Every structure is written in C-alpha cells, then in structure tokens.
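Report on the structure given below.
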Amino acid sequence: MINKNIQEKSMWKNFRNHIGSNDLWLFLLFILQLIYLVLSILLPVEANSDKTSIDIVNRTATAVLVGYFISKNFISEKPKHILDEPEKTRLHFQTSVVALIGLFSLCIMIVVRYIEIISISHAILSQIRDLYLASVAFLMGTSK
C-alpha cells in the first residue's frame, strides 16, 4: 500500500514536470469550451442575434486549441529553460493571472450568451472576446 502511494505521488510529480501550467490552463479552457459548444448546439440563439458572435469565437478558439494539442509543438520535447526561483515564481504568477483573465472572459461570454435578460453592447462584447483570445494566444505562445 505504501509503495502504491509513493508510485502515485511520483507519477503526479513526473506529470507536473512534463506538463506546464500553461498547458493545464489551456486544457481547462478547452474543456469549458467543449461544454459550451455542446450547449450552443442544444440551445441555439436566433440567427440574427448579437450573441451569435460569441458562438463564432468559441468555435474558432476550440479549433485553435485542437490544432495546438495535436500539433508537433505540443508533443515534441520542449527545451528546459534555466530560471532561478524568483523568475519561476513571476512566470507562474503571470501565467495564472492571464489564465484567470481568460477564464473570467469565457465565463462572461457564457453568461451573456445564455441569460436572455442580459443585453451587452457589441463593443463591450468585442473587447471581452479579444481578452479571451489574447489569453489563449499568450498561454499557447509561452507554453514550455
């Protein structure tokens, strides 16, 4: 039993050493996007609604992430950067902040999309979309 616990801890540590926090955040966003995609199929909005642009952004971001996860860049051995502890801490903090901005933006888009009484201007929605896509692009571009 003790050996099994040690193996599980070792396996988790090995997993964390090979999968960066960027990829974990991207995977979380991807799972949320897939759930959103299924909901948008089951609960469509009117074709001329402003909210259809949210569906377009989600489908585009989902396709981009699928491309990233099946790309050679994701599966190839990535060079290890030699960083000291303060640099690692700042990088981890930066990644977490950007990922939380992306997660927040995605949640706002989902809420706006599915709650009928919420009306949001096209300009604000466009900025929230840009925040989300910029967050995804940053996480993909800085993935190690």
Side-chain angles (χ1 to χ4, degrees), residues 4-5 7-144:
K4 185 177 180 182
N5 288 340
Q7 285 178 329
E8 287 176 3
K9 287 180 182 178
S10 176
M11 186 176 72
W12 175 250
K13 185 177 180 181
N14 191 30
F15 175 79
R16 285 289 298 138
N17 287 337
H18 294 288
I19 304 295
S21 59
N22 292 47
D23 291 331
L24 293 174
W25 279 111
L26 287 169
F27 184 70
L28 173 66
L29 293 172
F30 180 66
I31 293 299
L32 289 174
Q33 284 177 216
L34 288 177
I35 292 168
Y36 176 92
L37 187 64
V38 169
L39 288 174
S40 69
I41 292 169
L42 297 174
L43 305 168
V45 293
E46 296 176 24
N48 60 354
S49 173
D50 288 340
K51 295 181 179 185
T52 57
S53 65
I54 298 172
D55 292 344
I56 294 167
V57 168
N58 180 61
R59 289 191 303 264
T60 302
T62 302
V64 166
L65 283 174
V66 166
Y68 170 72
F69 285 127
I70 63 174
S71 72
K72 185 177 180 183
N73 289 338
F74 179 71
I75 60 172
S76 65
E77 184 65 33
K78 296 173 180 154
K80 299 284 183 192
H81 299 293
I82 303 194
L83 301 173
D84 60 9
E85 279 306 309
E87 288 175 314
K88 285 181 185 177
T89 302
R90 283 192 299 276
L91 182 61
H92 182 71
F93 179 73
Q94 179 186 30
T95 297
S96 297
V97 167
V98 171
L100 288 172
I101 290 169
L103 186 61
F104 177 76
S105 300
L106 180 59
C107 289
I108 293 294
M109 288 190 300
I110 290 171
V111 167
V112 167
R113 165 64 163 78
Y114 289 105
I115 298 182
E116 292 296 324
I117 61 173
I118 294 178
S119 178
I120 191 168
S121 77
H122 185 69
I124 293 172
L125 186 57
S126 178
Q127 290 172 333
I128 291 171
R129 274 191 336 240
D130 292 347
L131 279 174
Y132 178 66
L133 292 174
S135 298
V136 169
F138 171 84
L139 292 171
M140 288 173 57
T142 58
S143 180
K144 56 179 179 165

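In this text the structure is predicted, and so the values were computed from the model without any measurement.
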Interatomic spacing from [atom1] in [X] to [atom2] in [Y] - rounded to 0.5 Å:
{"X": "L26", "Y": "F138", "atom1": "CG", "atom2": "CZ", "result": "10.5 Å"}
{"X": "T62", "Y": "L34", "atom1": "OG1", "atom2": "CG", "result": "6.0 Å"}
{"X": "N22", "Y": "T95", "atom1": "CG", "atom2": "OG1", "result": "4.0 Å"}
{"X": "T89", "Y": "Q94", "atom1": "OG1", "atom2": "CD", "result": "12.5 Å"}
{"X": "Y68", "Y": "D23", "atom1": "OH", "atom2": "CG", "result": "3.5 Å"}
{"X": "I128", "Y": "I108", "atom1": "CD1", "atom2": "CD1", "result": "6.0 Å"}

Criterion side chain to side chain contact (heavy atoms under 4.5 Å, CB included) on V66 and F30, from CA distance to verdict: CA-CA 8 Å; V66 166; F30 180 66; 3.5 Å; yes
side-chain contact (heavy atoms from CB on, under 4.5 Å) partners of I101, counting only residues at least two apart: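 Result, side-chain contact (heavy atoms from CB on, under 4.5 Å) vs I101: V97, S105, L131, S135.
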Beyond-backbone contact of L32 with L103, side-chain heavy atoms, under 4.5 angstrom: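 The answer is yes, as the side chains (C-beta and beyond) meet within the 4.5 Å cut-off.
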Sole candidate of V98, V136, L139 that passes side chain to side chain contact (heavy atoms under 4.5 Å, CB included) when paired with W25: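 When V98, V136, L139 are each tested with W25, the side chain to side chain contact (heavy atoms under 4.5 Å, CB included) holds only for L139.
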Whether Y114 side chain and S40 backbone form a donor-acceptor pair below 3.5 Å: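 Yes, Y114 side chain to S40 backbone: donor-acceptor pair under 3.5 Å.
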Salt bridge (Lys or Arg N to Asp or Glu O under 4.0 Å) contacts in which one or both residues fall within residues 54-63, not counting sequence neighbours: D55-R113
